[in-house]
Q: 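Please read through the structure below; I'll follow up with questions.
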Protein chains: 2
Amino acid sequence: MSQDKPNTRGRPPSKAARSKALKAAVEILMDLGFGRLTIDAVAARSGVGKPTIYRNWANASELAMAALMESQPTEPVQATGALSERLEHQVMSIVTAFATTRGRQIGLALAAADRDSEMTRAFRNRVILSGREIGRATISQAVKAGEIAAPRDTEVVLDMIYAPIFYRLLVGHLPLDRDFAAALVAQGLALLGAGDQRG
Amino acid sequence: MSQDKPNTRGRPPSKAARSKALKAAVEILMDLGFGRLTIDAVAARSGVGKPTIYRNWANASELAMAALMESQPTEPVQATGALSERLEHQVMSIVTAFATTRGRQIGLALAAADRDSEMTRAFRNRVILSGREIGRATISQAVKAGEIAAPRDTEVVLDMIYAPIFYRLLVGHLPLDRDFAAALVAQGLALLGAGDQRG
DNA sequence: TTTTATTTACGTTACGTTTCGTAATTAAAT
DNA sequence: ATTTAATTACGAAACGTAACGTAAATAAAA
């Protein structure tokens, strides 16, 4: 099978147009919220035509996810030291990030996303599950360092630590704040057999 | 088969909405021309929603035809007297009517219309062929009165009298004016054997 | 008779695509 | 090397429909 050359004939796609659309999408998400993120609104604010927007993203939902990934702040520095310090720092970072306007729009975007979409999977991995993976790595390191015994079911422990963050984000029944993060970590450490009782 | 009662349940269609859309369509045709008669433009000017417009007319073309029929001025009084007087008066009326903004939009609307549409047939009959039918009746009356012998082919004679009006309307290569109307009638009368030569 | 439920039309907004004229590229012709 | 042709993307405007909340009617229930 001959090796196909990339299609370079004709007018090249405009990176500027794509950037303008993403920027407008971020602005609308921050200023007006996920519900007002529509293709018409992005086209109006950015000056990018709707055909061009549809050439880059399948629908408004995928554009929202792309915009939110694009606007992600730099990854926070990992804490060093004991497991409790590292875990608390990491969970505190996630809680702080989600307690922002961007965090709330992330929750809405994910809730509204098409489950089967590859974009949704990428978005979920990048924005939601990446924190959980850091948690897994942190636990593994603590086991190797002999700080704790290997948990019986790491997946469940990770869910019990990270799911409540997302839960409060979406439901909003109780505050998603530093107190909640501290309590969550304390309970998580207890689960891991690294709680205060063990001194 | 049981006799079905008209559907009177629910919110009745609004005659006011329909009238407002037609009025806006007439205004756009007169002010901006047939090419600018779009569903979006009519909706914007009239305040009638697009779903409501589409509930009344299939597309912009049909709306244009409906608007032009609606705005037709009252039928002119038929002339009495000799064939030449009656025919000249009628053709002069048609030429005068077509030489207006409305006349020009009629021509464009018909040219752009879907040939298979019942609306197009109704429009053609009402606005174009009705003049031709009056011509046919005028010729019939002249034959009965002994003013002329029965033409060999009435259809061709009618086409030769009325087609040039429509032709000048659409093509615009020469003026559609009273001189043209007079010349057309003179030639037509000659065809009918009722020309000046016969005194 | 009055109130509530049901049905159908309304306008707004958004959706996603099509058409059109123009722009930006590469390929072919000169 | 330059010019012309062909290809592909661009934005504006229009298309025609769907979803939604509201309005205006009639039918049913109380």
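The structure displayed is predicted, hence computed values, not measured ones. Just so it is clear, the values below take in all heavy atoms, side chains as well, and ignore hydrogens, waters and symmetry mates. Protein chains get the first letters and strands the later ones, always in sequence-line order, with residue 1 at the start of each.
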Q: Which protein N or O atoms sit under 3.5 Å from an N or O of nucleotides 21-23 of chain D?
A:
residue : atom : partner : partner atom : Å
D/dA23  : O4'  : B/Arg11 : NH1          : 3.4

Q: Does atom CD of A/Gln187 have more than 12 heavy-atom neighbours from other groups under 6.0 Å away?
A: no
Q: Taking N or O atoms only and anything under 3.5 Å, show me the protein contacts with nucleotides 14-21 of chain C, one pair per line.
A:
residue : atom : partner : partner atom : Å
C/dC15  : OP2  : A/Ile39 : N            : 2.9
C/dG16  : OP2  : A/Tyr54 : OH           : 3.1
C/dG16  : N7   : A/Lys50 : NZ           : 3.3
C/dG16  : O6   : A/Lys50 : NZ           : 3.1

Q: Within this structure, what is the CZ-to-P distance between B/Arg18 and C/dG11, rounded to whole angstrom?
A: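 Taking atom P of C/dG11 as the reference, CZ of B/Arg18 is at 14 Å.
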Q: Atom CD1 of B/Ile53 to atom P of D/dT17: distance rounded to whole Å?
A: 13 Å
Q: Looking at C/dG11, I'd like to know if its phosphate oxygens (OP1 or OP2) sit under 4.0 Å from a side-chain N or O belonging to B/Thr52.
A: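 Affirmative; the distance criterion is met.
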Q: Walk me through whether B/Thr96 and B/Asp177 qualify under side chain to side chain contact (heavy atoms under 4.5 Å, CB included).
A: CA-CA 7 Å; B/Thr96 301; B/Asp177 56 17; over 6 Å; no
Q: Under the side-chain contact (heavy atoms from CB on, under 4.5 Å) rule, collect the residues that match up with A/Asn125, sequence neighbours excluded.
A: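 A/Asn125 satisfies side-chain contact (heavy atoms from CB on, under 4.5 Å) with A/Leu129 only.
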Q: Could you check whether atom CZ of A/Arg178 has more than 12 heavy atoms from other residues, nucleotides or ligands sitting under 6.0 Å from it?
A: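 Incorrect, the count does not exceed 12.
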Q: Under the side chain to side chain contact (heavy atoms under 4.5 Å, CB included) criterion, do B/Ile128 and B/Phe166 qualify, and how do the steps go?
A: CA-CA 8 Å; B/Ile128 305 295; B/Phe166 197 63; 3.7 Å; yes
Q: What pairs with A/Val26 under side-chain contact (heavy atoms from CB on, under 4.5 Å), at least two apart in sequence or on another chain?
A: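 A/Val26: side-chain contact (heavy atoms from CB on, under 4.5 Å) contacts with A/Met30, A/Ala67, A/Ser71.
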Q: Residues two or more places apart in sequence or in another chain: which of them pass side-chain contact (heavy atoms from CB on, under 4.5 Å) with A/Ala82?
A: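 Applying side-chain contact (heavy atoms from CB on, under 4.5 Å) to A/Ala82 gives A/Ser84, A/Glu147.
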Q: Given D/dG11, D/dA24, C/dA9, identify the nucleotide with an atom nearest to the side chain of B/Pro13.
A: C/dA9
Q: Sequence neighbours left out, what pairs pass side-chain hydrogen bond (donor to acceptor under 3.5 Å, both in side chains) with at least one residue falling in residues 153-172 of chain B?
A: B/Gln90-B/Tyr162, B/Arg132-B/Glu155, B/Arg132-B/Asp159, B/Arg136-B/Glu155
